[in-house]
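Here's the structure we're looking at; comments come further down.
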There are 2 protein chains.
Amino acid sequence: MASIKDVAKLAGVSVATVSRVLNNKGYVGVDTREKVENAIQTLNYKPNEVARSLFKKQSKTIGLLLPSIMNPFFPELSRAVEDVAADLGYNVILCNTDGNKEKEQRYLDMLLQKYVDGIIFTTTSLDPDMLQQLQIPIVCMDRKVSTNITTVVVNNKKGAQLATQFLLDKGCKRVAHIRGPENVYTAKERLEGYLDIVKNKEWFKESYIVNGQYGMEKAIEATLELLQTNPEIDGIFAANDTTAIGAMKAAHQIGLRIPEDISIIGFDGIALSKSTIPELTTVAQPIYEIGKKAASLLVQLIDGNSIQQNLFTLDVKLIERHST
Amino acid sequence: MASIKDVAKLAGVSVATVSRVLNNKGYVGVDTREKVENAIQTLNYKPNEVARSLFKKQSKTIGLLLPSIMNPFFPELSRAVEDVAADLGYNVILCNTDGNKEKEQRYLDMLLQKYVDGIIFTTTSLDPDMLQQLQIPIVCMDRKVSTNITTVVVNNKKGAQLATQFLLDKGCKRVAHIRGPENVYTAKERLEGYLDIVKNKEWFKESYIVNGQYGMEKAIEATLELLQTNPEIDGIFAANDTTAIGAMKAAHQIGLRIPEDISIIGFDGIALSKSTIPELTTVAQPIYEIGKKAASLLVQLIDGNSIQQNLFTLDVKLIERHST
DNA sequence: TTGAAAGCGGTACCAC
DNA sequence: GTGGTACCGCTTTCAA
């Protein structure tokens, strides 16, 4: 690969001059500029980004840490981040952490050593204080980590209220909730939203809440148990779409028709929710928008712009389909 | 961030010595080594990968080019690649090309400028000759691009035969095929496999083949048309799982029961295929294995090991579930 | 308007 | 065993 020296030699100028035309910075005579540009053309010269990074201490690269790209929530999010990044000339390094603290730390170290310009975290288990101390822009998504870190989330509680109320409005008499993992922020918020609506109903019982762990298999088990204990249930608010699909499978297994015998609503609005029969009614997050917003904010931070606001809460939207 | 000079100063040695202990290369006295290691500890020094890259002309980073991470086939593939890469100390840069030649070229240039050590392509539309000329290890997945490029694929034709024959064995009398896009390698191969089985059957008609373009919406349309024209059809081999789900939806729409009235089999074995009701019978590709193999091969190439064989064809496996 | 040269943070060759 | 130093490719003062 041709280097800046080759270009300089061919054009009969110094590397400094070449650098100037490359970066459109400083004075360059018109004819000199042309000579240099010709040389660049004929050599098909592309500046070496590594050398640039070394000098500038920035790499036009950002890191994206997420639990796993196989979790159906993250492909769209990643795509949004990558789209924005690519548009602005950044590359993104993908890191699957499995929510594992050691892996997060390891990736973080690697990224720092590579001088990435910024990092987007989803649901980190790393110490927020440590994160802030890092001399590098950081944006979090999906979960509030610290009020001092720029964060993009959705209104989970409101979404949960929406979902629960919707079921009631649709005529459901007994609405249950399949919650997500105990230690997960979004799961807690959604549970709260559900409780806001039902806790004062005379029919409400603690056993209307079971734990599906955000997973399909677990959700099937949980739903089976739920419906066995409480056969009167005619509506289920599942904490995410995967859980909802598990619930649908369980209902189907015991001969319940959806939505005739039981209504099911999910949360997230992942692509999967349009693939089921019947299609799943769900509280959709603006997934792409979240990723886009996070990436835009990160680049702003990288560019040295300060951001007035630290928390961005996007709105969810109930999409009615055929499972309710 | 501390640099090698800081370490050298603190340890009272030269940078050369520090470099030696860092890389475990060359002679270093035991006590000197200890002094250096202490200095590294106290400064929490981590070598700057950018500087290393500049000198070594390699970056411990690989590029992964795929159509879109939102296509449900790719998250698992990416995960496999990233797992192997991380294990071996590499980071992976994710690039969504949309199968667009210009984007592929643009990403390729960026990656080259960043001195990535190797690139994994899926289904590139770039010129194979150009690709080989690149002085960088390359591995292709999913589609054969050139016999001179290391490639990992599955036996699509055999899988298609398997699927078609399976439907026949299950008692289907008229088996149709919803093919993928005209210009896609895997779609062509799967169509061929289907034809191998049915072309000599007396009942076979050209109109038993419709195009679903590998997408759900298109597949619904195509299936509707197919079943309208040929109501006698009692088995469908869909070119991929997404198509199969579209077919299921279409069948459901016109009141056909699956599998009682019509059997449907897919191809790929993506996670989605386990989420439907009924669960989809499919010819599963060893998706994770493909990614793993490709990444391992790439690293071998990067390490300068030559690979005897250029084409690796992995086996598919029919997974019987409840749609047949 | 242009060029020489110092550095960015490492590695590796060559002396001692 | 250890240190001095040229060099990787580029940017940016500082002089001319």
Side-chain angles (χ1 to χ4, degrees), chain A residues 1-37 39-40 43-61 89 109-117 135-136, chain B residues 1-37 39-40 43-61 89 109-117 135-136:
Chain A
M1 256 194 163
S3 84
I4 197 172
K5 278 187 197 159
D6 303 320
V7 177
K9 197 176 298 174
L10 182 59
V13 299
S14 75
V15 293
T17 304
V18 178
S19 178
R20 279 188 207 102
V21 348
L22 239 37
N23 299 289
N24 249 308
K25 207 180 242 174
Y27 298 96
V28 184
V30 255
D31 41 344
T32 312
R33 156 162 278 124
E34 196 175 312
K35 276 192 297 184
V36 172
E37 275 164 354
I40 289 177
L43 289 174
N44 187 27
Y45 166 74
K46 302 260 173 30
N48 178 330
E49 280 302 327
V50 179
R52 278 189 162 163
S53 296
L54 181 58
F55 185 88
K56 300 230 203 144
K57 296 183 183 312
Q58 47 145 301
S59 58
K60 284 284 173 185
T61 305
D109 287 342
M110 290 178 91
L111 295 175
L112 257 22
Q113 287 186 58
K114 287 200 173 152
Y115 271 141
V116 294
D117 300 335
Q135 289 308 319
I136 181 178
Chain B
M1 255 193 164
S3 84
I4 197 170
K5 279 186 194 161
D6 303 318
V7 177
K9 197 176 298 174
L10 183 60
V13 299
S14 75
V15 294
T17 304
V18 177
S19 178
R20 278 187 209 105
V21 348
L22 240 35
N23 300 288
N24 249 309
K25 208 181 241 174
Y27 298 94
V28 184
V30 255
D31 40 346
T32 311
R33 155 162 277 124
E34 197 175 311
K35 277 190 297 184
V36 172
E37 275 165 353
I40 289 177
L43 290 172
N44 188 26
Y45 167 75
K46 302 258 171 33
N48 178 330
E49 279 302 328
V50 179
R52 275 188 165 163
S53 295
L54 181 58
F55 185 89
K56 298 233 206 142
K57 296 183 182 313
Q58 48 146 301
S59 58
K60 283 285 174 186
T61 305
D109 287 341
M110 289 178 91
L111 295 175
L112 257 21
Q113 288 186 54
K114 288 201 173 149
Y115 270 140
V116 295
D117 300 336
Q135 288 309 316
I136 181 177

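Chain A is the first sequence line, chain B the second, and so forth, proteins listed ahead of strands; every chain is numbered from 1.
Bounding nucleotides for the chain B contact on DNA chain C, 5' to 3', at a heavy-atom distance below 4.0 Å, are dC8(C) to dC13(C).
Looking at M110(A) and Q113(A), their side chains never come closer than 4.5 Å, going by heavy atoms from C-beta outward.
Nucleic acid contact for T32(B): sugar-phosphate only, since backbone atoms but no base atoms lie under 4.0 Å from a heavy atom of the residue.
Rounded to the nearest 0.5 Å, atoms NZ (K57(B)) and CG (N48(A)) are 7.0 Å apart. Here CG of D109(A) is found 4.0 Å from NZ of K46(B). Values are rounded to the nearest 0.5 Å.
Across every non-hydrogen atom of A2(A) and Y45(A), the tightest pair is O-CD1, 3.4 Å. Contact detail for K60(B) and D117(B): the closest heavy-atom pair is N-OD2, 2.6 Å. Closest approach of I136(B) and V116(B) over heavy atoms only: CD1-O, 3.3 Å.
No side-chain donor-acceptor contact under 3.5 Å links S19(B) to the backbone of V15(B).
K56(A) meets the side chain to side chain contact (heavy atoms under 4.5 Å, CB included) test with Q58(A); sequence neighbours excluded.
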Just by protein heavy atoms under 4.0 Å, how would nucleotides 9-16 of chain D read 5' to 3' in B, S and -?
BSBBB---
